[in-house]
Every structure is written in C-alpha cells, then in structure tokens.
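One structure is given below, encoded as structure tokens.
Below, read A as the first sequence line, B as the second, and so on, with proteins coming before strands; counting in each chain starts at 1. Any value given below was found using the heavy atoms of this structure, including those in side chains, with hydrogens, waters and symmetry copies removed. Just so you know, these numbers come straight off a predicted model, no measurement behind them.
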Amino acid sequence: MNEKIKQSRRAFLKGGLALSAMGLAPAVLAKSSDNAAIQWDETFDVVVVGSGLAGTCAAIRAKENGANNTIIIEKMPVLGGTSAISGLNFSVVNSHLQKAQGIEDSAALFAEDISKAGGYQNHRDLTLKMADTTTRVLPWAIERGCRFHDKLKSLGGHSVPRTLYPVNGGGKGILRPLRRFYTQDLQGEIRRRVKFDKLHLNAQGEVMGIQVREQYFFDPNLGNDDRENTTGTIKHYRVTKGVVMAVGGYSRDVEFRAMEFPNIRDYIPTTTHRGATAGALKSLVSAGAQTVHLSLMRFAFDIPTEDLQWGALVDPKTGQRFISEKNNRQVVAEAICNIMDRNDGRFPLNIYDQDGIDNFHDKQRLHLALEEGMMVKYDSIEALARGESIDLAGLEATLKRYNEDALAGKDSQFGKDMGALKQVSVKRAPFYAIKARPKFNYTQGGVLINENAQVINRDTAQPIKGLYACGEATGGLFGRIRLTACSCPDAFAFGVIAGEQVAKA
Amino acid sequence: MKTLILSLLALTLVSSPLHAGDLYKVMGKREGRSNHSFMYDEKDCKTCHQGSPKGPATEAACIDCHGSYDEIAASTKDQTPNPHDAPHWGADVPCTVCHSEHQPAKALCNDCHQFAFPNFSK
C-alpha cells in the first residue's frame, strides 16, 4: 500500500494527464495480484470501518436486518471518533417536538436551507434523502436509548426551529447508549486497534474483503501515521455482503491538508479526534472511488461565531483590526489564516469589555472559556496589552476609533453593523482577551455515494459492488459550507441507510 | 499488590526529590516513571511488556496493579472533572492513551480542553 500511495502522490504532485493515467495502472495490477494471493483469516457478513455515529448506526441496522455476522473495527484505542467529542446537535424534520409546538416543516425545506447555505453546490438528491430520513431515524434512536432535551434549538440558517440536542452531550447522550445497544442487546462485536489498510477487489472491481492490521498502535507523534506506522499484524477479512466505510474526515492530516488546502498552515488547530487522517480516503481512491469537494472545509471557534461581534478582533503584531467581526465563520477564519501568514503564526485576539461579555448569547461556552483559562480577564488595557504581547500604541489607537464608531453606530473601517451592537464598545473595565483560533474541524469532502450509500466508481460512474460509505467520509451533501447542526443528521441518516442496504446485498 | 503500591508511593514521596510518577533515567538513555522504580531496580520489563519487550505494554498489566477502569474512575470521583470518567467515553479509555511510561504524556481531554489535572504525571 505504501508504494501505491507514494505513486499516486507523485502523480498528483507532478500533475498532468499522462502521469495521472500512469497512476491508474498500478491499481489495476494490484487488483488481480491481490486476488490470487489472498488467504482469508476470517469471514463476516459485513465489516463496518469506524466506530463513530455513522458506523455505529450502520452496524446496528445491518444486524437488525439480518446481517448478524457484522463487526465494527476501529483503528484507535478509544471508540467513537469525532462523534464522541462532538455536541451532536441533531436537526430533524417533523420531530415529536416540532409537532407538539405546531411547527410546520418538511424535508424539502430542510434540504433547501442546506443548499442555500452551501451555495447550491451540493448534490441535492442526497441532501433531500438525508433530510427525509431524519424523520424516521429520531424515534429509532430514542427507542435504542438516545436521550434528547425536550427543547428545540433555533439555529442560524434553519428556516424553523428543528434542532434537538442530546442530554449530557453527544458522547453520553447519543453514542454511548447506541454502543450499549449494539454490544449488549445485539451482542455486536467491536475490535479496537484494528486498522483498515485497503480493500480487496476481484477482477470485476467488486469488494471481496479488506486487509487490516490487528494490534495496531496509532501514534499521534508521527508526521503521517498512515504511512509511517509499522505496528500491527496483517490479516485479511472476507465479507459476504459488504464493507461500510464510516471512516470520518481528514481534518487532522497535516500532510494531506498542506496539499489540499495550501493556505491552512500546520499551526491552525483542530479539535477533531486524533485519528482523523486521510489514509482510508486514499485507499478508497486507489480502489476507484469518485471523490467530491475535497478542498472544502469548515471552521469553528472556541466561542460561538455569533459572539465574536461584541468585541474588537485585533492582530497582536500591530494592534489593528483587519475585518468586520460580524462576518460569517469562514470569512473571519480565512482572514485570520491570512493575517497569521504575516505575523509569524500568532493568533489574533478578540478583545471585549464587561458590556461585551454581558451580551454573550451563549453563557455556557463563555464560562467554559473563562474557567479553562482560554479567556483572560484584565483590569486595564495596558495590562491586557502587556499580558497578551500586543503593541499598546496600536491597540489604543484601534480602540479609540472603534469606540467612536460604536457610539456613532457606523464602522468606518470594515462596515460592521455597529447599530446592532446597541453602542457596546471596548471601554468599560474589566477587559477580556481570547485568542481567535479558527479550528479546522470538518471536511465537507469525501467519496461520492448514491441514495443507497453505495460508493460510486469514478471510471464507470456506477456503484462499486459491496462498498458503502456514510457520515463525514462521504462528500457532496452540503456544498461550499455545511449548515450548522447537520453532520449529526448525516451520520444518523446515511449510517442507517448504509446498514439497511448492505444487509440486503 | 495495591497496598504495596500505596506504601511504595508513600516511601517515594518521602525519600526522593522526584514527585511520584516523574520521568527519570532508568537504564542508559531510557526513561521511566519514578513510581515504577522497584521494577527498574529488578530489571523487570515483563510485568508490563507481557508479549515481546519491544512491543507495547498491555493495559491488562496496568489493571493488574492499579485496578479496573471502573475502580480507577471511582477512586478519582471527587476530582472535577473526573479524568477517568469523561462524559464522552465513560470509564472506557485505555490507560496508555493518556499515560505513558517512557516518554512525556498528554491527557486526551486536553486535545480540546485546558484542564489542570495537578496530579497527572506528564
């Protein structure tokens, strides 16, 4: 596999049609040579790769539909991937809560909201299928132990309130109950530290099984774990029905990021799980999968994007503002990446006064930031500039102008809607500073699937027999930017669909 | 064994400038944790490396001496947050994800959070 990746990377880096065509040749050869040599160690109906929300749903649904000999494999020592550490806000059409509150909603409206946010660059048939499937998945999830609050969140970009949120967060409220259901009620097996290496295809390009490494010890200190890690014992698992790739995104893969997103440097942080690398995606590409939207990404901040507006965002090197704080998350994040290219990789700072802090809409995340020391409180601007190493003269000049603008209700520099701030400025002590860290936390891209969660072959444009994918591993549902609270419904809906479809195979 | 650990821990705290669990040179350049000094004194690698000495230590070895995941979680239940019972995973994070014997360690929580964990041996 290592050699194959190197070859495809070389082809990718050099570019050019001729070289790309050469890059395909080794993959075809590998297929037939693999076939002759494989000694299967074990046989399963279904292997699900990845133990996050999508994979857990797929495995449960496969077993419930008769594929009893199903296992989940997980390369990491901990289960759940990024789902375990996500809030898992679940946007659902026609939930019991919407009905109780008399809220009119439809799959078409939900899909339209997503499409609008994504600049209509999404595969709308897939988006609609996901939106429609949420209606039946919610009661299914609740029956299997998931617990949600009895309130709906009304979130930006959603035409109506439709977002449920789990009790005690996504790990405890959704993922752990589902896993308990899978392992205890269904007697399902999960194997940790088993790394998916590659697919075994037959001469027709259909999936026969996979190569894995058991006793794999993921090493977060390696530059590229997928290529450099040599731990584990190679095994070959045969599948009679199929493989479900619920392998997540690739936001932690700094090497892959540098190729796909040249403007996102290695100092741009990520709070997805440690194993969110591109290795599985590369294996799918080698097996002929069509990719979509690989260079689209989504940022998150330590505080809600809506609360950036209450203060001034400044470059510590100059003390100057560089953008309207009220822009959407992508625009702010991209401006920060740009500024950091020019200031030796120093994070800009959001600076608030007490009035700004009092106006935060999300007090829970505000208090978390204060308790954990991400946000620091200062008695004076001088102390703040000293504590955060900001140019004091520059900062004072910036705040003077900012405060005058706030009073006048008009941003003379970047056109921020100061009127909406109700004259909140940065002048009443104490003052607060928090690094504006754009966290690279979601990748909209991945392999292309159809409405049955089957992976599409790039040469034939037909489904690859025996190969399914769901969740963040897939691309194209969202387009340019993913609407908030939509990765959870994606994982739920296409996880369930993948499990049902692979069981039928 | 657990009583032995506690008495050794007490001894280490009294007799050494190292804090329990600090890294120190045990053999050549190889570092280990001071609370395991009794094993290094006896050149005892197999207690932890139950397979090959070059292979990774098994968590079963940790559990043999320190107790099960549930017991460990109960022993730190008064800490906020409880590092052994995170809402994300419960008491189901293998020891070596956070703890490391021969090299610096990093608590998994702090990939995203900034918890202090004053008793954690980095």
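A centroid separation of less than 6.0 Å is found between the aromatic rings of A:F256 and A:Y250. Taking the six-membered ring where the residue is Trp, the centroids of A:F492 and A:F90 are separated by under 6.0 Å. Under the 6.0 Å cut-off for aromatic ring centres, A:Y442 and A:F299 do not qualify, their centroids lying 6.0 Å or more apart.
Listed options A:S86, A:G171, A:G170 were ranked by heavy-atom pairs under 4.5 angstrom with chain B; first place goes to A:G171. Residue with the most contacts toward chain B among A:T231, A:I85, A:D302: A:I85 (heavy-atom pairs, distance under 4.5 Å). Top candidate by heavy-atom pairs under 4.5 Å with chain A, chosen from B:A116, B:P87, B:G55, is B:P87. The most heavy-atom pairs under 4.5 Å with chain B, out of A:H273, A:M76, A:R193, A:R179, come from A:R193.
Taking A:Y165 as the reference, A:H149 meet the ring-ring contact (aromatic ring centres under 6.0 Å, His included) condition, with sequence neighbours excluded. Judged as a side chain to side chain contact (heavy atoms under 4.5 Å, CB included), and not counting sequence neighbours, the contacts of B:C95 are B:E59, B:C62, B:Y69.
The contact list for residues 77-84 of chain A toward chain B, using heavy atoms and a distance under 4.5 Å, reads A:P77, A:V78, A:L79, A:A84 by residue number.
With salt bridges taken as basic N to acidic carboxylate O contacts below 4.0 Å, none links A:R257 and A:E255.
Counting non-hydrogen atoms of other residues, nucleotides and ligands closer than 6.0 Å to NZ of A:K435 gives a total of 12 or fewer.
Screening residues 89-105 of chain B for salt bridge (Lys or Arg N to Asp or Glu O under 4.0 Å), with sequence neighbours left out, gives A:R192-B:D92.
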